[in-house]
Amino acid sequence: MSHWEVSKLPLSTTTSFYYAVFNRSNFMTFTLMGIPGLEAQHLWLSLPFFSMFLAILISNGAILYMLHMEPTLHTPMYLLLALLMVADLISALALLPKLLCLFWFNDREIAVNACFTQMFFIHGTSVVRSALLVAMAFDRYVAVCEPLRYHTVLSHSLVGRLGLMALAKGVILILPMPLLLQRLTFCHMVIPHTYCDHMAVVKLACDDTRPNRIYGLFVILLVVGLDLVLIGFSYGLILQAVIRLNSRDAICKALNTCSAHLFVILITYVPALFSSLTHRLGHNIPPHAHILLANLYLLLPSMFNPIIYGMKTKDIKIKVAKCLCGRHS
């Protein structure tokens, strides 16, 4: 439609036309509110978030460096652990730099393309992390139930394929989210959140958002539901094998083999499920509690995964002690 044709339209129609064109342009920006109700405390809140950021970078980076430098740790379990820590680092780097800029410099604006990119990486790494936990559950099943065939079954090529499948799952499931959002017209530009959460952005649209909501629910059910079923199935088989063991020492060893992975599952899924339930059912819970929970369920796994594996895994504990002793000697 030419400018002359537009000028002949009624004023309200012309305004709507120009608004729709601008709304789909690359110049559109959203405004991140931060934590609603706690805007005055943003500077103080930045301290724990910055501390978590440092802890995530240092702990995950240190474990990754150790896994890279020690040839004895180039086993399937530790290769999967390395992939998990890479996903944790990407998740933190997608979330925290913008959040800290918001808290420190009141930098609230984010371009639409940057917003959708952040959304893709935050939600995508969550899907990849969940898929890797399923692969690690399979790894623990083989270690406990088929120990003599462990290195035959879990070859490096299989670990590589499992990693690629986890990455493909994250990309295939999450890429439609920003693509579906691009077809919408937005009536509001303020996101009541610290980052570009999918549902928070969907709620700003004027158009029919049922496809976006249905697809978002489908992804949650597929990722959390299916992955938890697969993990539960693996641990059901492990428990069945452990019960058949006669030796108490063998039972303790088998359970200790899985303990780190079980703790990581709890720290990953419990905060996520709790945040999801409070978001849908906790109508009396204040908005700032929802936002804090949404941030914590993304950050807690990234922060605690290296600590859990460092404390519960004998090989990593020995290597850390050796490094520390070597520095002090």
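The basis for the numbers below is simple: all heavy atoms, side chains too, and nothing from hydrogens, waters or symmetry mates. As the structure is a prediction and not an experimental result, all values here were calculated from the model.
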Around atom [atom1] of [X], are there more than 12 heavy atoms from other residues, nucleotides or ligands closer than 6.0 Å?
X	atom1	answer
Phe49	CZ	yes
Tyr150	OH	yes
Glu109	CD	no
Met165	CE	no

Side chains of [X] and [Y]: closer than 4.5 Å at any heavy-atom pair?
X	Y	value
Leu204	Phe30	yes
Val201	Phe116	yes
Met199	Asn212	no

Hey, is the main chain of His156 close enough, under 3.5 Å, to the side chain of His74 for a donor-acceptor pair?
no
Ser302 backbone acceptor or donor facing Asn60 side chain under 3.5 Å
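It does hold such a pair.
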When rounded to the nearest 0.5 Å, the distance separating CD1 of Ile63 from CD1 of Ile58 is 12.5 Å
Atom pair CZ/CG of Arg129 and Leu298 - distance to nearest 0.5 Å
7.0 Å
Identify whether [X] and [Y] are in the same connected component of the hydrophobic contact network (ILVMFWY, side-chain heavy atoms under 4.5 Å).
X	Y	result
Ile307	Leu54	yes
Leu184	Val190	no
Met33	Met189	no

Tell me if the centroids of the rings in Phe50 and Phe103 come within less than 6.0 Å of each other.
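So the answer is no for these two rings.
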Tyr235-His261 side chain donor-acceptor pair, cut-off 3.5 Å:
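The answer is yes; a qualifying pair exists.
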